[in-house]
Amino acid sequence: MKCQLAKELLLSDYIDSELDQKRYVELQKHLKSCSECWEVFEAVRRTEDILRTSTDPVPPEHVWLLIKERIVSRPGYVLEKITDRLSWLWDEFFSAPRRLAYGATLATVVIFCGIALPLTMHFLPEKTAPVYEEKNQASSAVESADSLLWLDEEFLEIVEDHASL
Amino acid sequence: MNCLNEPVSPGEEDIVRQAMAGDIDAFEMIYRKYSGMVYGIALRMTNSVEDSEEIVQDVFVSAHRSLKNFREGSSLKTWLYRISVNTSLNALRRTRSIRGRELPMAEGADFEDRRNLQAEAEESEAIEKKVKDLLALLNPDQRACLVLRAKEGLSYDEIARVLNVNINTVRTRLKRARAMIQKHVPAS
Ligand SMILES: [Zn+2]
């Protein structure tokens with residue numbers, strides 16, 4: 001293996017453990033015999049170690065408070081939350097297994113209405129349809145007008161009696 | 001080693017579902033778990049505490065907004081990596097266009113005594129300074145690749161998926177990033 005290829009691989013696939021077995025063995029062999037490439041490898045490994053050992057700091061607490069504020073105060077947040085809830089409810093109540101259950105219930109009701117009800121009706125003694133005494137608005141209005149008229153007549157009689165006295 | 005192929009963990013799946021249903025407490029749990037990772041990426045990408053705090057905000061606000069687009073069973077981590085890197089790259093572009101210049105390079109990065117690097121590395125503060133110096137040598141695309149690879153431990157394939165580029169692009173960027181760093185680290 002030539003130094004140029006060795007160095008290229010050192011900077012990428014080798015250090016990143018992405019090298020295939022054949023190349024890996026070749027490069028290992030080269031590194032053992034070439035001090036210049038070994039120097040490069042050592043230098044790269046050191047910088048990689050530095051990058052790896054650095055730790056992730058936790059962002060200050062006010063960052064979360066600002067995020068929360070931005071989420072909650074965003075226009076449409078409340079409306080979105082309501083629609084989200086509604087669609088969640090919709091999904092919950094019309095989920096596939098529930099749809100099946102609803103279908104079965106509906107089928108049972110249809111079957112009951114189609115078979116059981118006519119059968120029940122057949123065995124029941126015949127009855128005349130009940131007659132309801134309907135008082136529609138118009139008739140009740142006439143009645144109240146009549147009573148008013150009656151009141152008027154009575155009132156007139158009383159007035160006349162008083163007048164004759 | 002990270003494994004992005006892994007879907008969200010069982011407990012996390014419920015939390016994500018609750019957050020998707022609008023539960024802000026569940027979303028806070030997601031924040032508590034991943035804010036360090038997002039902040040770390042932002043800090044390494046921008047080298048600015050102020051910008052990074054804003055990036056963390058933007059990442060989680062847009063994550064919350066697009067939670068409903070999140071495919072259940074896919075990796076929350078990959079998704080957050082993608083939003084974090086893209087938000088950081090956008091922030092860098094914005095900063096550059098405002099300031100009208102390249103990202104500040106490390107001023108006289110102190111690599112004079114490479115043999116002292118090991119000793120210094122024992123102090124995390126020193127490490128952070130070195131990390132800043134190293135990453136400041138790179139362009140934003142190279143920096144994103146190196147952070148995802150060296151810091152977050154993603155494979156080439158995973159980086160390619162996060163950045164939406166092909167594997168060879170990832171390989172080339174990493175190679176150039178490291179070559180650039182080595183050029184600035186004087187040989188002993
Ligand atoms: Zn060589």
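Quick note on labels: first sequence line is chain A, next is B, and so on, each numbered from 1. What you are looking at is a predicted structure, and each value in this text was computed from that prediction instead of being measured.
The neighbour count for A/Glu61 CD, taken as heavy atoms of other residues, nucleotides or ligands under 6.0 Å away, is above 12. For CG of B/Asn164, the number of neighbouring non-hydrogen atoms (other residues, nucleotides, ligands) closer than 6.0 Å is 12 at most.
Contact annotation: the side chain of A/Pro57 approaches that of B/Leu43 to within less than 4.5 Å [non-hydrogen atoms, C-beta and beyond]. Residues A/Ser17 and B/Tyr156 have side chains not in contact (no heavy-atom distance under 4.5 Å, counting atoms from C-beta outward). Between B/Leu174 and A/Glu18, every side-chain heavy-atom pair lies at or beyond the 4.5 Å cut-off. For the pair A/Ile67/B/Tyr31, a side-chain contact is recorded, criterion being any heavy-atom separation below 4.5 Å from C-beta on. The side-chain heavy atoms of A/Ser54 and B/Arg44, taken from C-beta on, include a pair separated by under 4.5 Å.
Side-chain heavy atoms closer than 4.5 Å link hydrophobic residues (I, L, V, M, F, W, Y) into clusters, and following such links, even through other members, never connects A/Val25 to A/Leu19. When hydrophobic clusters are built by joining Ile, Leu, Val, Met, Phe, Trp and Tyr residues whose side-chain heavy atoms come closer than 4.5 Å, directly or via intermediates, A/Leu5 is grouped together with A/Trp38. When the side chains of ILVMFWY residues are joined at heavy-atom separations under 4.5 Å, either directly or via intervening members, B/Met180 and A/Leu9 end up in two distinct hydrophobic clusters. The hydrophobic cluster containing B/Val170 does not contain A/Tyr14, counting ILVMFWY residues as joined when their side-chain heavy atoms lie under 4.5 angstrom apart, directly or transitively. Following chains of ILVMFWY side-chain contacts shorter than 4.5 Å, one cannot reach A/Leu66 starting from B/Val49, and the two form parts of different hydrophobic clusters.
If you take CZ on B/Arg171 and CD on A/Glu8, they are separated by 11.0 Å, rounding to the nearest 0.5 Å. With rounding to the nearest 0.5 angstrom, the CZ atom of B/Arg149 is 11.0 Å from the OG atom of A/Ser12.
Salt bridge annotation for B/Arg178-A/Asp16: present, with a cationic side-chain nitrogen under 4.0 angstrom from a carboxylate oxygen. Taking the charged nitrogens against the carboxylate oxygens, B/Asp58 and A/Arg70 do have a contact shorter than 4.0 Å, which makes a salt bridge. In summary, B/Lys151 and A/Asp56 engage in a salt bridge, as defined by a charged side-chain N under 4.0 Å from a carboxylate O. A salt bridge does not link A/Glu48 to B/Lys130: none of the charged side-chain nitrogens sits closer than 4.0 Å to a carboxylate oxygen.
The contact between B/Arg32 and chain A is made entirely by side chain atoms (from C-beta outward), counting heavy-atom distances below 4.5 Å. Neither the backbone nor the side chain of A/Glu69 comes within contact range of chain B, judged by heavy atoms closer than 4.5 Å.
In this structure, A/Ile71 and B/Phe27 approach most closely via the heavy-atom pair CD1-CE2, 3.6 Å. The two residues A/Val44 and B/Gln182 come nearest to each other via the heavy atoms CA-NE2, 3.6 Å.
Among B/Gly40, B/Ala42, B/Ala150, the residue with the largest count of heavy-atom pairs under 4.5 Å with chain A is B/Ala150. Your options are A/Ile15, A/Val72, A/Val40, and the one with the most heavy-atom pairs under 4.5 Å with chain B is A/Ile15.
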